[in-house]
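Note that the numbering runs from 1 along the sequence shown for the chain.
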Amino acid sequence: MSFLRGLLGGLLLAMVFFVSDGDPLVPALCIFGDSVVDVGNNNNLSTLIKANFPPYGRDFVTHRPTGRFCNGKLATDFTAEYLGFTSYPPAYLSREARGKRILTGINFASASSGYYERTANLYRALTLPHQLKYYRVWQRKVVNLVGRTKANNIFSGSIHLISAGSSDFIQNYYINPLLNRVYSPDQFSDILMQSYSTFVQNLYGLGARKIGVTTLPPTGCLPAAITLFGAGTNHCVARLNKDAISFNNKLNRTSQNLKSKLPGIKLVVFDIYQPLFDLITKPVENGFFESRKACCGTGMIETSFLCNARSIGTCSNATNYVFWDGFHPSETANEKLAQSLLEQGFELIS
């Protein structure tokens with residue numbers, strides 16, 4: 001299996017090299033989800049969950065904060081590059097999402113969103129149904145620009161990526177007695193699966209045929225999760241990782257069921273858990289120095305407004321760190337994760 005994945009990865013890299021001076025491998029890239037993939041939608045919302053200030057973005061191509069929860073590029077930015085795009089899908093609520101620029105895709109993601117609508121509502125983020133509403137508006141704009149026939153080809157040929165679930169657990173379930181005293185983690189993940197299934201079916205109904213969804217990461221290994229739920233230890237929180245693995249197994253089963261009943265769909269579940277777990281548990285082997293502490297501030301909990309220009313202790317070189325802030329990978333880690341996504345996503349571009 002590892003040989004096959006390596007072979008496919010090599011083939012994909014060859015394809016990327018081939019299209020580097022030509023057309024992208026797919027007509028557009030559309031992204032939905034949470035802070036892991038948000039490129040600035042929350043900048044334009046009345047929420048505290050933002051990253052449009054230093055030191056966020058200090059290593060980005062512009063060396064300025066954009067709203068990405070990272071020191072530089074997200075995994076989806078690298079993915080766009082690998083697919084042959086010369087720019088990244090702009091945030092739907094940004095000024096860049098205008099004119100012909102929208103033809104190569106849009107980013108609808110909103111930090112602190114999730115499959116559970118109340119998670120987004122807690123933090124005044126865009127729910128997934130709201131993101132889908134904006135997607136419908138985007139489709140109408142595309143039709144107006146290129147006509148119905150070409151637009152339908154764009155919709156069916158484009159890759160649609162979904163990244164959600166982490167905020168539902170970390171920023172809601174684990175800290176919300178109204179949830180964790182009523183539902184077991186298993187029951188809560190069942191609720192999330194229902195929302196995921198509905199979202200994919202709605203996307204399919206709007207013409208999407210190439211859909212990728214990421215698993216939960218090892219949530220128990222996020223620096224802030226260890227600080228909040230690790231009971232004073234310095235190790236990954238086993239019960240959180242167990243919940244993530246259970247969720248991921250359900251995500252795979254639910255996706256298989258969807259594939260069996262939606263003709264023509266290409267639905268790929270991208271495993272983020274294992275690649276990130278390997279970076280965290282074997283940092284030196286993967287070119288990192290630190291995987292417990294994040295770069296920003298103390299590295300133990302800071303994210304969003306807690307990670308700011310005055311945060312004491314922020315590292316000078318984030319390439320040595322797996323995590324940029326308490327919840328989000330560094331640009332270097334994102335690049336490695338994107339390479340893994342590339343290897344796993346052959347079906348979506350074949």
TODO: Taking the six-membered ring for Trp and the single ring otherwise, decide whether the centroids of Tyr88 and Phe85 are under 6.0 Å apart.
DONE: no
- Message: Would you say the rings of Tyr173 and Phe188 are close, in the sense that their centroids are separated by under 6.0 Å?
- Response: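 So the answer is yes for these two rings.
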Please confirm whether the backbone N or O of [Y] pairs with a side-chain atom of [X], one donor and one acceptor, at under 3.5 Å?
X: Ser246; Y: Lys242; result: no
X: Lys250; Y: Asp186; result: yes
X: Asn44; Y: Leu93; result: yes
X: Thr47; Y: Tyr123; result: yes
X: Asn320; Y: Phe289; result: no
X: Asn308; Y: Phe305; result: yes
X: Asn41; Y: Tyr92; result: yes
X: Asn42; Y: Ile49; result: yes
X: Arg292; Y: Pro223; result: yes
X: Ser197; Y: Gln194; result: no

Which atoms form the tightest heavy-atom contact between [X] and [Y], and what is the distance?
X: Leu103; Y: Ile154; answer: O-CG2, 4.2 Å
X: Gln344; Y: Asp271; answer: OE1-N, 2.7 Å
X: Asn107; Y: Asp38; answer: OD1-CA, 4.3 Å
X: Pro329; Y: Cys70; answer: O-SG, 3.6 Å
X: Gly157; Y: Lys210; answer: O-CD, 3.5 Å

Query - Shared hydrophobic cluster for Leu206 and Ile106 (ILVMFWY, side-chain gaps under 4.5 Å) - result: yes
inquiry  = I'd like to know if Leu74 and Leu83 are part of one continuous hydrophobic network [Ile/Leu/Val/Met/Phe/Trp/Tyr, side-chain heavy atoms within less than 4.5 Å].
reply    = no
Parallel, tilted or perpendicular for [X] and [Y], by the 30°/60° rule?
X: Tyr135; Y: His160; answer: perpendicular
X: Phe169; Y: Tyr174; answer: tilted
X: Phe32; Y: Phe199; answer: perpendicular

For this session: Go through the steps to decide whether Tyr183 and Asp190 satisfy the test side chain to side chain donor-acceptor pair (under 3.5 Å), and finish with yes or no.
Result: CA-CA 10 Å; Tyr183 304 108; Asp190 284 340; over 6 Å; no
For Arg64 and Thr62, run side chain to side chain donor-acceptor pair (under 3.5 Å): C-alpha distance rounded to whole Å, both residues' side-chain angles, the deciding distance at 0.1 Å, then the answer.
CA-CA 5 Å; Arg64 299 176 62 182; Thr62 60; 5.8 Å; no
| message | For a side-chain contact (heavy atoms from CB on, under 4.5 Å) check, start with the C-alpha distance between Tyr115 and Thr198, then their side-chain angles and the critical distance, and finish with the verdict. | response | CA-CA 10 Å; Tyr115 292 117; Thr198 298; over 6 Å; no
**Prompt:** Does the side chain of Phe78 reach to within under 4.5 Å of the side chain of Glu331, using non-hydrogen atoms?
**Reply:** yes
So CZ of Arg58 and SG of Cys296: to nearest 0.5 Å the spacing works out to 8.0 Å
